[in-house]
Amino acid sequence: MMEQERGEANSRNNLVFAINGERFELTTVDPCTSLLDFLRSQTRFKSVKLSCGEGGCGACVVLLSKYDPVLDRVEDFTVSSCLTLLCSVNGCSITTTEGLGSSKAGFHPIHQRFSGFHASQCGFCTPGMCVSLFSALVNAEKTHRPEPPQGFSKLTVSEAEKAIAGNLCRCTGYRPIADACKSFAADVDMEDLGFNSFWTKGETKQVMVSRLPPYKHQSEICTFPEFLKKENNPAMPLDLKRNCWHSPVSVQELQSLFEFNDSNKQTSIKLVVGNTGMGYYKEVKHYDRYIDIRHIPELSMIRRDQTGIVIGATVTISKAIEALKEENRGDFHSQGVTVFKKIADHMEKIAAGFIRNSASIGGNLVMAQRNHFPSDISTILLAVGGKVHLITGHKYEKLMLEEFLERPPLDSRSVLLSIEIPCWYPGRNLTSETKSVLLFETYRAAPRPLGNALPHLNAAFLAEVSPCNTSDGIKINNCQLAFGAFGTKHAIRAKKVEDFLIGKVLSFSVLYEATKLVRATVVPEDGTPNPAYRSSLAVGYLFEFFGSLTGKRAQISNDRFDGCNNSFLLKDLKVKKNYDQFDQTKLPTLISSAKHVVELSREYYPVGEPIAKAGAAIQASGEAVFVDDIPSPANCLYGAFIYSTKSLAWIKGIEFNSKSLPSGVTALLSYKDIPKCGQNIGSKTIFGAEPLFADELTRCAGQLVAFVVADTQKNADRAANVAVVNYDMLNLELPILSVEEAIERSSLFEVPPFLYPSQIGDISKGMDEADHKIISAEIKLGSQYYFYMETQTALAVPDEDNCMVVYSSIQCPENAHATIARCLGIPEHNVRVITRRVGGGFGGKAIKAVPVATACALAAYKLCRPVRIYVNRKTDMIMAGGRHPMKITYSVGFKSNGKITALQLDILIDAGIFPDISPIMPYNILGALKKYDWGALHFDIKVCRTNLPSRSAMRAPGEVQGSFIAEAVIEHVACSLSMEADTIRNINLHTYNSLNWFYEDSAGESKEYTLTSIWNKLAISSNFIQRIETIKEFNRLNIWWKRGISRVPIVHKVTVRPTPGKVSILSDGSVVVEVGGIELGQGLWTKVKQMVAFALSSIQCTGSGDLLEKVRVVQSDTLNLIQGGFTSGSTTSESSCEAARLCCNTLVQRLAPLKKRLLQEMVSINWETLILQAHLQAVNLSASTFYVPEFTSMNYLNYGAAVSEVEVNLLTGETTILQADIMYDCGQSLNPAVDLGQIEGAFVQGIGFFMLEEYPTNSDGLVTSEGTWTYKIPTMDTIPKQFNVEILNSGQHQKRVLSSKASGEPPLLLAVSVHCATRAAIKEARKQLLSWSGLDKSNSTFHLEVPATMRVVKELCGLDSVERYLEWRMGRQT
């Protein structure tokens, strides 16, 4: 009956939408197909990337446009296409970055500015960034703001920065991305924009503006094509009954669907709004029916009246924010409006904008109620007395939110209709106090200030207070206190705390008792991480809310509720009361500015020019092709890995749950499927091999066990998910899961003698000379995941004559080439590995990429069909290994003036189960640790073999740990002597003589030692000394914030390795170049292009001075150019440049005689004529070489220093990086723009290691951090607010490649300055804490863990600091 009433209109039974102005109509759709799947597999628009698959990175962002024919208005907003179901875009228009412009049609100004501001490195995240910015521009133009100046938009700087706040980037450090976005803002300060290729320093604002690629907002792209407007009928939503997709338009129709479903007990249904919950819960279940409930009016309406706002359950969080922020039209009391605005402000910190645009407010609450999702919305609405409207069958209910949350989980037939948020005002149903003031605040403690991270705890407090009539003080007439996300099933009201406070006059003793009740109320459930920290947060927020209303002098001001900030406003706001202020230092959430000092040189033009990175524009436009963008060949299959979850176990077999196994599974390959003449090998280094698959015995959790192959990537991943590996632990000893166990059982890897560093000096003598000693101090360092935006990927295609072509995203194609040949048992000339570009590597795409390519090749070889894989983020994180954890024990002797005389180190390195590159770690650690003159330096470093995934090289492997160890020793010595750490650093910096002693093979000439000069220059340019005094004053005046500052040096040793090159000049004068190095985003191709243009220009013919645009660097092909080696260690760019230069020199030598002969016949000769004649006269115009650096100059030292200043919130442990000043010696930079990007990107990646990124495992050693929900890399809101970099041109280094030096890895070490500055701030907090207890505060020794997360910092500042403070205040009153 229902089907007949609905009719069979064709427009409802076909899925119609547009992509970049092109019409698509589908009659058959799998309802679980995501928009991302369709874009990448069924269209040519491959710019939309899969990175996390859970809506947490922004790589898959598209612009979704909807048309409202009633209002004749188009609504444009970003969504995460990996979560958006294709059926939900019916009647919509999608715009990707390809739709903005291209190399053929002309680039959009967004593309041009991303390129010109050097805002794209690997380029994998860039298309999503561009779409996010485009959305902000489109929506800004819809506002009624004044017309902007020519070339700008109506966008504000704040909006520009926030536009990409939810997008992740692992390469750039975000600063140049922010500049590209801000360049469109009408209110931008042009001087605030950093280094770019449009203008040079000192030019006028008018010149700067004129050189920006022009933006004409009047001619902006149409996001919704006219043909779709004519077809669009919102009253007739999609209803693909044959595909099990239903779109009811009334509650009655929804009920009928439920009733129909009840008659078929086997049918499963899924209610769909934004589908964003999939990002968190990652359902693999396939439902029989999908019901899109967005078109039901009762669920999609927003209604306002004097009692409050009612918001339909399917209204998106973004729409709810707009409704709550809507200008008051006299409906509400002014304080009620402020409550709404503060609720909206808090909601803006939930997820990212592209998630809020599709996630519904009702869906969020239902996940909280049904699945115990740590919701912010449930907490803030609980505090204001929110209500919900439910329907179950034909039964309607209206419940308080608290009752709704406490009910058993909703069944599938219950539907949340709407949410009611009451309007609050003083005296509303509470008291009749005429002088009462309404107070409302919300709080959340999360790793990222702007959101896109789940909170450790959230809270919202509503209170009505008034002056006490009988005494001085503030009386609490009523209050509602809500806490959530702290490790309980749902948000709660703290009723006991409320009951205690109501009617009380606030005092320190009352607040003290209230904190006890809060601790007793906010109790995380067993198994919740960091329970004490979460309870401490609850106490801190309660104190922040009520604290300033406590004390004899506290008086209420209506400004306390001004809606602009949540500072505790007292009548007396003198400086001496600043410690009672909580937000007087409120900082802008995003970065403000950057200052770059770069000295340019035209000596080797165009080498040294800050030209834009080659390929940046096509990366922005989505035209750059990554491995997974290559169209799938015919009959292509897809693979997924099955890995072990046990650290040591016999593998008895692999089974699939037949009910859950998807169709299309073709094969399951294991070690048994290796060809008889082949080997079970997945990768190999000079230190040993790693098997492709575990054999009968798995030796670590995360080890590859099998490779399942299916008809789609989704089906392969699903099959891997439902695979069950049967284990047996019989007759096995316990696994080794720590370095201590490895030492006990002598489980070690051998370090070749030539790689083990030499001891320095006489340790006994050094210790004897010491006035003081620290004996056997311990440090532990954890791991770090690469988090390249493009996960591991490969495509293997069988070729004729038993050959195999493999496309791999890899840093060492040659290694994969050899491994594949050995695995398949075929000659190496039968294998070809091709790598064009890599979407981020950082060392993780070197050895760890080899088994991925090898597994694909094996499957393709066995099945005689192309096979590809794109490893999902969870699997990638589990198998990656990451940075080496280690345990360090040190003893140090030092003089009373701080001069260190001896350092003894015992280091245990956790290498995992296979050697990989681990035996090189001792060499690398010592290379960075020797940056100070330790007097004597002795060490015992052991590389431990454990039953954990093998660790591999990660950007600055060993060096970053070595640099940290050095700083930890310095800080400990300073603390022991009660001296400033900077003083200790100063006195232990190397002289050239001591440097030469510690780095005998690489110190170079004395003029090359620039560290002391950098050290002193940086102190001046950063105002280091003055800022120390300013910080002291700040810390004296502020109780709940403390600042710290630190200056650290680095000495980083690098090695230049042999590299091949080939340069060929084609008949039209264009040049093609091949080099051994791989383009990872580090600008290698760009520097090589510049070098080739420079070297060929020496022929000095007309037009040869402008060869840059004629040069193209092409992909790596292991049969075209052999011995490519590894792209790693920061020096591959310069060695590739030198290889290309040697080729060019050969070509110039061949062309010179021809030029000389031609000039006898003509006055001048241009480049094209010369090359054409060379072709006609059979001059060999292709030259290849193998550059081998001289042994005496292959090692050299890099120098730099950084000053970082941080501010720590003592109530939460949140650390804000206020400013970072970096000075780095690049020699004579081959490209300052590229090097600047490397410096900033490395520094921010280092911030991740030292401050944010936790990579935990379970008791079996299996990684438990599986994606963006739990692994937090730096974002726009966690980098320095002021980010200053100076690239020092240190003059001539004749033994370097055109006097250049490396920049890829050394600056990462400078991020330890942030950690040290945080330690300085904590030190001040601990002094204060001790003073409250009347204890000696002169010597507070402590160890700050890595990473120094919010929890770690708060624990050191005192989990009970609020109680200690209140006890101190109460003691002062008695």
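All heavy atoms count here, side chains included; hydrogens, waters and symmetry mates do not.
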A.B. asks: Rounded to the nearest 0.5 Å, how far apart are CG of Leu416 and CZ of Arg370?
C.D. replies: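 CZ of Arg370 is found 10.0 Å from CG of Leu416.
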
A.B. asks: Sequence neighbours excluded, which residues qualify as side-chain contact (heavy atoms from CB on, under 4.5 Å) partners of Glu1324?
C.D. replies: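 Checked Glu1324 against side-chain contact (heavy atoms from CB on, under 4.5 Å); matches are Asn1035, Lys1042, Lys1327.
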
A.B. asks: Return the minimal non-hydrogen interatomic distance between Leu405 and Ser378, and the atom names on each side.
C.D. replies: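 Taking every non-hydrogen atom into account, CD1-CB, 4.1 Å.
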
A.B. asks: For the residue pair Lys1272 and Thr1349, establish whether any side-chain heavy-atom pair is separated by less than 4.5 Å.
C.D. replies: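 Not touching, per the 4.5 Å side-chain cut-off.
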
A.B. asks: Output, in order, the C-alpha distance, side-chain angles, deciding distance and verdict of side-chain hydrogen bond (donor to acceptor under 3.5 Å, both in side chains) for Asn477 and Ser436.
C.D. replies: CA-CA 8 Å; Asn477 300 320; Ser436 62; 5.1 Å; no

A.B. asks: Specify the closest pair of heavy atoms between Leu454 and Pro447, including all atoms of both residues, with the distance to one decimal.
C.D. replies: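 The pair with the smallest heavy-atom distance is O-CD, 3.7 Å.
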
A.B. asks: Pair Met1350, His456 - check side chain to side chain contact (heavy atoms under 4.5 Å, CB included), show working.
C.D. replies: CA-CA 9 Å; Met1350 292 175 69; His456 302 292; 4.2 Å; yes

A.B. asks: Given Ile1039 and Trp1332, is the side chain to side chain contact (heavy atoms under 4.5 Å, CB included) satisfied, shown in steps?
C.D. replies: CA-CA 11 Å; Ile1039 281 186; Trp1332 291 338; 3.8 Å; yes

A.B. asks: About how many Å separate CD1 of Ile350 and CD1 of Ile321, when rounded to the nearest 0.5 Å?
C.D. replies: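 If I round to the nearest 0.5 Å, the distance is 7.0 Å.
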
A.B. asks: Could you check whether Arg1364 makes a cation-pi contact with Trp1368, meaning its NZ or CZ is under 6.0 Å from the centre of the six-membered ring and within 45° of the ring axis?
C.D. replies: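 The answer is no; the distance or angle limit is not met.
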
A.B. asks: What I'd like to find out is whether the side chain of Ile421 reaches to under 4.5 Å of the side chain of Val384, using heavy atoms alone.
C.D. replies: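 Touching, per the 4.5 Å side-chain cut-off.
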
A.B. asks: Quick one: does Asn458's side chain have a donor or acceptor within less than 3.5 Å of a partner on Gly484's backbone?
C.D. replies: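 At least one qualifying donor-acceptor pair exists.
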
A.B. asks: Measuring from atom CG of Leu1210 to atom CG of Leu1356, what distance do you get when rounded to the nearest 0.5 angstrom?
C.D. replies: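 Leu1210 atom CG to Leu1356 atom CG measures 11.5 Å (nearest 0.5 Å).
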
A.B. asks: Nearest 0.5 angstrom please: Arg1319 CZ to His1343 NE2, how far?
C.D. replies: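 Output value for this atom pair is 9.0 Å.
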
A.B. asks: Go through it in stages, so that I can follow the logic: the residues are Asn1038 and Arg1043, the test is side chain to side chain contact (heavy atoms under 4.5 Å, CB included), and I'd like the CA-CA distance, side-chain angles, deciding distance and then a yes or no.
C.D. replies: CA-CA 10 Å; Asn1038 291 273; Arg1043 291 182 178 177; over 6 Å; no

A.B. asks: State, yes or no, whether a side-chain contact exists between Ser535 and Val523 at a heavy-atom distance under 4.5 Å.
C.D. replies: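 SC-SC contact between Ser535 and Val523 ruled out.
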
A.B. asks: Can a salt bridge be assigned to the pair Asp376 and Arg444 using a cut-off of 4.0 Å between side-chain N and carboxylate O?
C.D. replies: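 Here Asp376 pairs with Arg444 in a salt bridge, since their nearest N and O are under 4.0 Å apart.
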
A.B. asks: Side chains of Leu450 and Thr1275, heavy atoms from C-beta outward: is any pair under 4.5 Å?
C.D. replies: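 Heavy-atom side-chain distance check fails, nothing below 4.5 Å.
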
A.B. asks: Applying side-chain contact (heavy atoms from CB on, under 4.5 Å) between Leu382 and each of Gln480, Glu402, His490, report the one that passes.
C.D. replies: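 Single side-chain contact (heavy atoms from CB on, under 4.5 Å) partner of Leu382 among Gln480, Glu402, His490: Glu402.
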
A.B. asks: Any donor and acceptor pair, going by atom type alone, linking the side chain of His372 with main-chain N or O of Gly487 inside 3.5 Å?
C.D. replies: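 No, His372 side chain to Gly487 backbone: no donor-acceptor pair under 3.5 Å.
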
A.B. asks: Under the salt bridge (Lys or Arg N to Asp or Glu O under 4.0 Å) definition, can you give me all pairs with a residue in residues 499-509, not counting sequence neighbours?
C.D. replies: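 Sorted result for residues 499-509: empty, none.
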
A.B. asks: Mind listing the closest non-hydrogen atom pair of Leu324 and Ala344 along with its distance?
C.D. replies: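 For Leu324 and Ala344, the tightest heavy-atom pair comes out as CB-CB, 3.8 Å.
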
A.B. asks: Any side-chain heavy-atom pair from Phe440 and Trp424 closer than 4.5 angstrom?
C.D. replies: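 SC-SC contact between Phe440 and Trp424 ruled out.
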
A.B. asks: Could you state the interatomic distance from CD1 (Ile317) to CD1 (Ile361), rounded to the nearest 0.5 Å?
C.D. replies: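 Reported to 0.5 Å precision, the distance equals 7.0 Å.
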
A.B. asks: Take Phe461 and Tyr541, measure what ring pair (Phe, Tyr, Trp, His ring centres under 6.0 Å) needs, and give me the verdict at the end.
C.D. replies: CA-CA 9 Å; Phe461 306 144; Tyr541 286 145; 7.4 Å; no

A.B. asks: Are Thr1318 and Phe1250 packed together at the side-chain level, in the sense that at least one heavy-atom pair is separated by less than 4.5 angstrom?
C.D. replies: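 No, every pair of side-chain atoms sits at 4.5 Å or beyond.
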
A.B. asks: Does any non-hydrogen side-chain atom of Ser375 lie less than 4.5 Å from one of Met367?
C.D. replies: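 Of all side-chain heavy-atom pairs linking Ser375 with Met367, none is under 4.5 Å.
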
A.B. asks: Would you say the side-chain atoms of Arg448 pair up with the backbone N or O of Gly166, donor to acceptor, closer than 3.5 Å?
C.D. replies: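 Looks like no, no N/O pair under 3.5 Å.
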
A.B. asks: Between the side chain of Thr528 and the main-chain N/O of Pro531, is any donor-acceptor distance below 3.5 Å?
C.D. replies: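 Side chain of Thr528 to backbone of Pro531: no pair is present.
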
A.B. asks: Using a 3.5 Å distance criterion without hydrogens, assess whether the side chain of Thr1278 forms a donor-acceptor pair with backbone atoms of Pro1274.
C.D. replies: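 Checked: no pair found.
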
A.B. asks: Taking the side chain as C-beta and beyond, is there a heavy-atom pair between Gln784 and Tyr1255 under 4.5 Å?
C.D. replies: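 Not touching, per the 4.5 Å side-chain cut-off.
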
A.B. asks: Which pair of heavy atoms, one from Pro1347 and one from Met1251, lies closest together, and at what distance?
C.D. replies: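 Here Pro1347 and Met1251 meet closest at CB-C, 3.6 Å.
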
A.B. asks: Less than 4.0 Å between a side-chain N and a carboxylate O, is that true for Lys516 and Glu513?
C.D. replies: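 Lys516 and Glu513: salt-bridged.
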
A.B. asks: Return yes if some donor-acceptor pair links the side-chain N/O of Asp1260 with the main-chain N/O of Leu1262 below 3.5 Å, else return no.
C.D. replies: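 No, the answer is negative, given that no donor and acceptor are paired below the 3.5 Å cut-off.
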
A.B. asks: Answer yes if the ring centres of Phe543 and Tyr1365 are under 6.0 angstrom apart, and no otherwise.
C.D. replies: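 Yes, the ring of Phe543 comes within the 6.0 Å limit of the ring of Tyr1365, centre to centre.
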
A.B. asks: Whether the side chain of Arg1351 engages the backbone of Gly1213 through a donor-acceptor N/O pair (distance < 3.5 Å, no angle test) should be reported.
C.D. replies: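 Here the side-chain-to-backbone pair does not exist.
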
A.B. asks: For the pair Tyr443 and Leu537, evaluate side chain to side chain contact (heavy atoms under 4.5 Å, CB included) and give the outcome as yes or no after the intermediate values.
C.D. replies: CA-CA 10 Å; Tyr443 305 91; Leu537 287 170; over 6 Å; no

A.B. asks: Do the side chains of Arg519 and Glu1363 get close enough for a salt bridge, i.e. N-O under 4.0 angstrom?
C.D. replies: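 Between Glu1363 and Arg519 there is a salt bridge, with a charged N closer than 4.0 Å to a carboxylate O.
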
A.B. asks: I'd like to know if Glu54 pairs up with Arg873 as an ion pair, taking the criterion as any Lys NZ or Arg NE/NH1/NH2 lying under 4.0 Å from an Asp or Glu carboxylate oxygen.
C.D. replies: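 Answer for the salt bridge query: no.
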
A.B. asks: State, to 0.1 Å, how close Ala320 and Met347 come at their nearest heavy-atom pair, and which atoms those are.
C.D. replies: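 What the structure gives for the nearest pair is CB-SD, 4.4 Å.
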
A.B. asks: I need the Ile1273 CD1 to Ile1247 CD1 distance, nearest 0.5 Å.
C.D. replies: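 If I round to the nearest 0.5 Å, the distance is 12.0 Å.
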
A.B. asks: Test side-chain hydrogen bond (donor to acceptor under 3.5 Å, both in side chains) on Tyr512 and Glu1367 and set out the steps.
C.D. replies: CA-CA 8 Å; Tyr512 182 67; Glu1367 289 169 355; 2.7 Å; yes

A.B. asks: For Leu1329 and Cys1357, work out which heavy atoms get closest and say how close.
C.D. replies: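 That would be CD2-O, 3.6 Å.
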
